[in-house]
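For ligands, and for the atoms within them, numbers begin at 1 and follow the listed sequence. Along the sequence shown, residues are numbered consecutively beginning with 1.
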Amino acid sequence: MTTTRTPVGIVGAGPAGLLLSHLLHLRGIESVVLEARSRDYVENRIRAGVLEHVVEQMLIETGVGARMQSDGLRHEGVILRFGARDHRIDFRALTGKHVMVYSQHLLVRDLIAARLTAGGTIRFEAECVGLHDVDTAQPCIRYRQGDTEHDLVCDVIAGCDGFHGICRPAIEAHLRVFEREYPFGWLGILADAAPSSAELVYANHDRGFALLSMRSATVSRLYLQCAPDEDLDAWSDDRIWGELQTRFSREGGFTLTEGRITQKGVTPMRSFVSEPMQHGRLFLAGDSAHIVPPTGAKGLNLAAGDVAVLARALEAFYRHGETSLLDGYSATCLDRVWKVQRFSWWMTSMLHRFATHSDFERRVQLAELEYVTSSAAAATSLAENYVGLPLPGRHG
Ligand code: RFL
Ligand code: PHB
């Protein structure tokens, strides 16, 4: 057993933990990131793909946006497809903003490279097994590397260890949880196929929702609504393509370009918020504090928003001994978190097929889609949420 010290101990090297470590470094605050998995694993974990405008700006301003700017795809709108017709939501016309399609695992690679180049410490294959003394000024993270246990004593712990991590459970007794599970999941694939649309297509079809997204000019990312516990073995590549072709069909014809499927997975869908997002000297950020269904493309973006707030609060703490921003961390984040929860729940409700829906509810759902795509007010509401609500303390 060894004991070391750091000002800020960060559990998890996902987007939240890595970005926090980077933002703290720019403010002259040292941190240590502890990650259970290997570097190779986190750098190749396929997840999100859409960055909000504010997050894109934050990455550029903090010096980690170069590859995103050269390789990311700037999208100025999305297509909603229903009743076999396309309806475009024009982000640029409605909000003056756009989103950036850029893989989460590339962002993770960019952040790891930036931290290591700057001399930062990320300990991979270091699994945190317990938190101690979070109610004191010297909280401690116990972690295991190989067969050896270590203690990392900190001023503050950032719990950036995702939904299945150990930080939120460590303060469970002090939290209230708000949760909703959806009666469906997404079957997602990555395919060596040129994207069949220049913009993302969110399709509402009688057989269920489907989403066409992309990672590059040669790689498509596609999803289809399925059972939450869908058996992947029941889905041959042919069956997946057949179902996608059906759900993306459009009046006048639409050809979905097929290709070799390189990755398949099923994601269950849930909405989840833990309140508050802090206790003592432990601060939760990203998926450890909240989960959104992926329909609004918000999970990664919310994680970035949380750590921007936390970095600012820690700066006030270390520079001026000022604790009011840290004390207000949870309230500041939750205000935006709940608005984003609302948007993600609403997009999910509007776009998926619910087995329990009556014919009446199905008609109301289609009327909502018609309304959102024909009213400038309603389309602007969707667009301003999709490109991203302002971050607290930041304009534009
Ligand atoms: P992460 O990425 O889960 O990182 C947590 C890290 O903590 C590590 N860890 C531990 N380390 C040490 N000790 C322990 N005991 C530990 N326990 C866990 C884990 O190994 C991991 O490295 O959480 P973070 O940083 O909060 O980031 C959140 C995002 O990853 C997540 O919200 C998004 O991927 C969600 N999401 C999307 N978000 C978007 O903004 N836009 C999208 O387009 C989008 N699409 C998606 C998504 C998530 C998906 N899945 C698979 C859940 C599409 C999908 C299919
Ligand atoms: C993705 O490209 O992975 C993606 C895009 C939009 C979403 C969810 C996921 O709403």
Side-chain angles (χ1 to χ4, degrees), residues 9-21 33-39 41-43 45-52 55 73 75 78 99-105 107-108 111-112 122-131 141-145 152 158-170 185-190 195 199-202 209-216 219-223 263-270 272 284-307 340 343-344 347-348 351 386 388:
I10 301 177
V11 186
L18 292 167
L19 183 58
L20 177 63
S21 179
V33 181
L34 301 171
E35 167 59 50
R37 304 290 196 149
S38 67
R39 178 173 178 182
Y41 183 90
V42 298
E43 289 196 336
R45 185 166 45 193
I46 304 293
R47 284 200 173 167
V50 178
L51 301 178
E52 291 176 349
V55 174
L73 307 168
H75 281 214
V78 287
V99 292
M100 185 62 94
V101 174
Y102 187 64
S103 294
Q104 174 169 327
H105 72 285
L107 175 62
V108 163
L111 289 167
I112 290 175
I122 307 171
R123 296 197 184 123
F124 291 101
E125 296 176 69
E127 187 189 359
C128 300
V129 291
L131 304 184
I141 308 171
R142 181 156 298 169
Y143 66 98
R144 193 181 293 133
Q145 260 186 320
L152 180 64
C160 302
D161 50 347
F163 188 65
H164 300 288
I166 60 145
C167 291
R168 191 184 64 254
W186 281 11
L187 192 164
I189 62 163
L190 205 58
E199 294 183 336
L200 271 67
V201 180
Y202 288 82
F209 169 75
L211 170 62
L212 186 163
S213 180
M214 66 276 308
R215 289 294 178 269
S216 70
V219 176
S220 293
R221 178 81 165 137
L222 297 144
Y223 299 94
Q263 210 246 359
K264 276 186 212 180
V266 171
T267 314
M269 311 259 282
R270 68 156 64 79
F272 176 96
L284 304 177
D287 279 13
S288 77
H290 40 68
I291 293 285
V292 283
T295 327
K298 291 297 174 202
L300 164 59
N301 294 297
L302 267 185
D306 290 348
V307 298
V340 176
F343 175 68
S344 304
M347 287 283 279
T348 303
L351 286 162
Y386 199 97

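- Contact atoms of ligand 1 toward R37: 20 (O) (distance under 4.0 Å to a heavy atom of the residue).
- Only the side chain of T267 comes within 4.0 Å of ligand 1, counting heavy atoms alone; its backbone N, CA, C and O stay farther away.
- Ligand 2 places these atoms under 4.0 Å from at least one heavy atom of L200: 5 (C), 6 (C).
- Those atoms of ligand 1 with a heavy atom of C160 less than 4.0 angstrom away are 5 (C), 6 (C), 7 (O).
- Not a single protein heavy atom sits closer than 4.0 Å to atom 49 (C) of ligand 1.
- Counting only heavy atoms of the protein, atom 8 (C) of ligand 2 lies nearest to P294 O, 3.3 Å.
- Across V101, V50, L300, heavy-atom proximity to atom 5 (C) of ligand 2 is greatest for V50.
- Of the N or O atoms in Y386, none lie within a sub-3.5 Å distance of an N or O in ligand 2.
- Those atoms of ligand 1 that come under 4.0 Å of a heavy atom in G165, given as number and element, are 17 (N).
- Remark: ligand 1 atoms within the under-4.0 Å shell around heavy atoms of G286 are 26 (O).
- Formation of a donor-acceptor pair under 3.5 Å by the S21 side chain with backbone atoms of G17 is not found in this model.
- Considering backbone and side-chain atoms alike, W186 places every N or O at 3.5 Å or more from each N or O of ligand 2.
- Distance from atom 43 (O) of ligand 1 to its nearest protein heavy atom, with residue and atom name: G49 N, 3.2 Å.
- At under 3.5 Å, a nitrogen or oxygen of A16, whether backbone or side chain, sits near a nitrogen or oxygen of ligand 1.
- Proximity to N301 (heavy-atom distance under 4.0 Å) selects the following atoms of ligand 1: 40 (O).
- Close contacts between ligand 2 and Y202 involve ligand atoms 6 (C), 7 (C), 10 (O) [criterion: under 4.0 Å to a heavy atom].
- Proximity to G14 (heavy-atom distance under 4.0 Å) selects the following atoms of ligand 1: 2 (O), 4 (O), 6 (C), 22 (O), 25 (O).
- Nearest protein heavy-atom neighbour of atom 12 (C) of ligand 1: A36 N, 3.2 Å.
- Without hydrogens or angle criteria, D306 side chain to G286 main chain gives a donor-acceptor distance under 3.5 Å.
- Proximity of R215 to ligand 2 is established by a heavy-atom distance of less than 4.0 Å.
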